[in-house]
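What you see is a predicted model, and the numbers here were worked out from it, not measured in a lab. Just follow the structure's listing: the first ligand is 1, and inside any ligand the first atom is 1. In what follows, every heavy atom counts, from backbone to side chain, and hydrogens, waters and symmetry copies are set aside.
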Amino acid sequence: MLELTVNLDERSYPIFIGKSVLQDKGRLIHHIGDSRPVIISNETVAPLYLQGLLDSLSDLNPLSFIIPDGEQYKSLTWFEKISAFLLENNCGRDTCLIALGGGVIGDLTGFVAACYQRGVPFIQIPTTLLSQVDSSVGGKTAVNHPLGKNMIGAFYQPQAVFIDTLSLHTLPEREFAAGMAEVIKYGLIYDTELFSYLEKNIKELQSLSEDALQHIIFRCCEIKALIVAQDEKEHGLRALLNLGHTFAHAIEAQMGYGVWLHGEAVATGMVLASELAHRRNDLSRTQVQRITQLIADYSLPTTIPSNMTSEHFLMHMRKDKKNKKGTIRFILPTQFGRCELVDDVSDEQVRELIAQ
Ligand code: NAD
Ligand code: GLY
């Protein structure tokens with residue numbers, strides 16, 4: 001088992017990564033402490049992993065609450081339903097919420113934890129690749145609003161993150177590929193060695209080799225922990241984690257949430273960001289081709305939806321959370337393995353990029 005720490009002074013916490021991490025009952029109980037565990041999961045993940053967890057925690061008299069599966073349930077309605085369940089069961093401040101599922105469950109549970117009785121501890125047990133390398137680490141919690149994704153939320157850190165690589169064996173291939181987009185992102189923003197590793201280990205990763213999985217998950221969590229420790233509330237550096245996301249959010253919003261998975265949209269967004277960087281003389285044509293090839297090798301899309309125009313992109317990108325004073329801001333690779341936030345891309349440059 002691998003272990004690392006997210007260093008945030010008194011809010012520091014460990015991340016455990018490995019095969020059968022969830023069977024380490026003693027470690028789980030240690031991090032729950034004196035609290036009563038309440039597990040939040042969904043209708044897909046619960047039949048696979050809930051009973052094992054309930055058995056491990058049986059001495060602590062655990063409760064569980066299951067929500068339907070889907071991004072649309074990351075909502076104020078389900079925030080309210082979970083809160084009502086906790087109140088009906090007389091859950092006090094000595095409650096520890098446990099998020100068992102992908103990023104939807106993690107973000108929703110974390111936001112309830114941040115607000116319930118002004119804050120109770122919570123533990124992340126991410127079960128998708130995307131949530132293991134990204135959403136379970138760093139304390140961004142949120143629900144969606146009909147007018148925008150993740151628009152209501154809080155920065156609230158978990159007590160611990162338990163990443164069991166075995167859970168990836170039940171994950172649909174398309175969801176695994178979507179998680180790989182975020183893994184590729186870390187290579188592009190921070191770590192050329194990780195990028196080369198991904199190029200050399202496509203078969204190993206797609207066949208879920210344990211060593212390869214642990215290697216990439218550990219490295220991604222390590223990079224994210226380094227960034228979050230320096231810029232927890234995204235005043236600067238943390239924004240780099242949004243490489244490809246300005247374009248991606250436009251694709252997701254235009255196509256309708258769930259039509260393209262977030263990671264798929266990020267994959268195409270990274271190709272667009274790399275192409276834009278090339279046009280600004282930052283990346284060579286060969287480097288753009290290398291990035292595009294790696295994304296395609298992991299069965300991810302590299303071209304925009306055929307029915308999307310530059311005006312669709314601009315309309316959605318004008319609402320991006322990173323914008324300042326009406327200017328659209330992009331994260332672009334300035335060299336291989338390094339990115340920067342830029343705010344001098346004109347609408348005309350976006351139109352030319354999308355047109356081609
Ligand atoms: P998800 O939570 O919807 O999970 C994807 C699908 O996989 C779901 O159908 C789920 O039920 C299923 N699933 C989960 N684990 C499984 C397993 N082990 N076996 C079989 N099926 C399994 O999606 P996601 O990609 O994990 O997360 C997306 C969400 O994360 C979005 O809401 C996004 O906004 C959020 N997000 C948050 C952050 C953050 O920093 N907080 C970062 C990135 C994304
Ligand atoms: N997923 C981006 C972040 O956590 O900042």
Side-chain angles (χ1 to χ4, degrees), residues 6 22 40-50 52 66-75 78 99-111 114 124-145 148-158 161 163-183 185-186 189 208 220-221 223-246 248-249 252-253 257-258 260-266 321-322 331:
V6 182
L22 275 185
I40 313 295
S41 192
N42 77 17
E43 284 170 351
T44 304
V45 178
L48 298 167
Y49 302 109
L50 179 62
I66 309 302
I67 74 168
D69 185 359
E71 180 73 37
Q72 67 270 40
Y73 304 104
K74 201 177 105 176
S75 65
W78 285 86
L100 175 67
V104 166
I105 289 292
D107 280 14
L108 172 63
T109 305
F111 187 50
Q124 290 271 19
I125 303 184
T127 59
T128 61
L129 182 60
L130 183 140
S131 58
Q132 296 180 348
V133 299
D134 190 358
S135 63
S136 65
V137 176
K140 277 190 181 174
T141 74
V143 293
N144 302 324
H145 185 276
K149 197 165 179 266
N150 293 328
M151 282 299 158
I152 302 168
F155 286 96
Y156 192 68
Q157 302 294 341
V161 183
I163 299 178
D164 194 327
T165 46
L166 273 187
S167 64
L168 298 178
H169 289 257
T170 54
L171 192 66
E173 276 175 24
R174 189 177 166 201
E175 295 289 350
F176 181 81
M180 282 308 303
E182 300 285 359
V183 178
K185 177 193 80 177
Y186 286 103
I189 59 173
L208 306 182
C220 293
C221 289
I223 296 169
K224 183 145 187 191
L226 277 171
I227 292 175
V228 168
Q230 291 172 70
D231 181 23
E232 183 184 7
K233 299 209 169 155
E234 199 167 312
H235 297 300
L237 183 68
R238 187 167 179 169
L240 299 189
L241 292 170
N242 289 309
L243 170 66
H245 286 56
T246 313
H249 290 152
E252 289 179 272
Y257 290 103
W260 277 48
L261 298 181
H262 176 67
E264 293 169 341
V266 168
K321 285 206 278 315
K322 288 187 298 305
I331 312 300

CA sep, side-chain torsions, deciding dist, call: E234, K322, salt bridge (charged side-chain N to carboxylate O under 4.0 Å, His left out): CA-CA 10 Å; E234 199 167 312; K322 288 187 298 305; over 6 Å; no
Numbering as shown, the atoms of ligand 1 that approach L48 to under 4.0 Å (heavy-atom distance): 19 (N), 20 (C)
Check: A178 main-chain N/O paired with E182 side-chain donor or acceptor under 3.5 Å: no
Heavy-atom donor-acceptor pair, N144 side chain to S75 backbone, under 3.5 Å: no
Reported CG-to-OH distance for the pair L22 and Y49, which is rounded to 0.5 angstrom: 9.0 Å
N or O pair under 3.5 Å between K185 and ligand 2: no
Heavy-atom nearest neighbour in the protein, as seen from atom 42 (C) of ligand 1, with distance rounded to 0.1 Å: S135 CB, 3.5 Å
For atom 31 (C) of ligand 1, the option (of K224, E71, H245, H262) bearing the nearest heavy atom: E71
Protein contact to atom 20 (C) of ligand 1 [nearest heavy atom, distance to 0.1 Å]: T170 O, 3.1 Å
Nearest neighbour in protein (non-hydrogen) for atom 13 (N) of ligand 1: V45 CG2, 3.8 Å
Residue and atom name of the nearest protein heavy atom (relative to atom 37 (C) of ligand 1), distance in Å to one decimal: D107 OD2, 3.1 Å
Nearest neighbour in protein (non-hydrogen) for atom 4 (O) of ligand 1: T128 CG2, 3.6 Å
Which of the ligand 1 atoms, numbered from 1, are nearer than 4.0 Å to a heavy atom of Y49: 18 (N)
Straight-line distance of T109 OG1 to I40 CD1, nearest 0.5 Å: 5.0 Å
Inter-residue atom distance E232.CD - R238.CZ, 0.5 Å rounding: 7.5 Å
Verdict with supporting geometry, L100 and V45, side-chain contact (heavy atoms from CB on, under 4.5 Å): CA-CA 7 Å; L100 175 67; V45 178; 4.1 Å; yes
Those atoms of ligand 1 less than 4.0 Å from some heavy atom in K74: 31 (C), 32 (O), 33 (C), 34 (O), 35 (C)
Close-contact set for ligand 2 against E234 heavy atoms, below 4.0 Å: 5 (O)
Residue T44 vicinity, atoms of ligand 1 by number, heavy atom under 4.0 Å: 11 (O), 21 (N)
K140 and D107 ion-paired at < 4.0 Å: no
Short side-chain donor-acceptor distance under 3.5 Å, S131 and Q124: no
N42 CG to D69 CG distance, which is reported to the nearest 0.5 Å: 4.0 Å
Which segment of N150 sits under 4.0 Å of ligand 1 when only heavy atoms are counted: side chain
Element-labelled atoms of ligand 1 that are located less than 4.0 Å from some non-hydrogen atom of K140: 39 (C), 40 (O), 41 (N)
Nearest-neighbour protein heavy atom for atom 1 (N) of ligand 2, which is reported as residue plus atom name and distance: D134 OD1, 3.0 Å
Nitrogen or oxygen of K224 less than 3.5 angstrom from that of ligand 2: yes
G138 backbone acceptor or donor facing K224 side chain under 3.5 Å: no
Protein contact to atom 43 (C) of ligand 1 [nearest heavy atom, distance to 0.1 Å]: D134 OD2, 3.6 Å
Contact (N/O only, under 3.5 Å) between E175 and ligand 1: no
Nearest-neighbour protein heavy atom for atom 15 (N) of ligand 1, which is reported as residue plus atom name and distance: T127 OG1, 2.7 Å
Close-contact set for ligand 1 against N42 heavy atoms, below 4.0 Å: 10 (C), 11 (O)
Side-chain donor or acceptor of T141 paired with backbone N/O of A154 under 3.5 Å: yes
Of the listed options Q124, K149, H169, closest to atom 33 (C) of ligand 1 (non-hydrogen atoms): K149
Close-contact set for ligand 1 against V104 heavy atoms, below 4.0 Å: 1 (P), 2 (O), 3 (O), 27 (O), 29 (C), 32 (O)
Pairwise distance CD1(I105) to CD1(I66) - rounded to 0.5 angstrom: 8.0 Å
Close N or O approach (S131, ligand 1; < 3.5 Å): no
Contact check: E182 vs ligand 1, nitrogen or oxygen atoms, below 3.5 angstrom: no
Atom pair OH (Y257) and CD (E71), whose distance is rounded to the nearest 0.5 Å: 8.5 Å
Enumerated ligand 1 atoms positioned under 4.0 Å from heavy atoms of D69: 8 (C), 9 (O), 10 (C), 11 (O)
Non-hydrogen side-chain atoms of S135 and L130 separated by less than 4.5 Å: yes
Parallel, tilted or perpendicular, as decided by the 30° and 60° cut-offs, for the rings of H262 and H245: perpendicular
Protein residue, atom and distance nearest to atom 44 (C) of ligand 1, heavy-atom basis: L130 CD2, 3.7 Å
Option whose closest heavy atom lies nearest to atom 27 (O) of ligand 1, chosen from S41, G103, G110, G101: G103
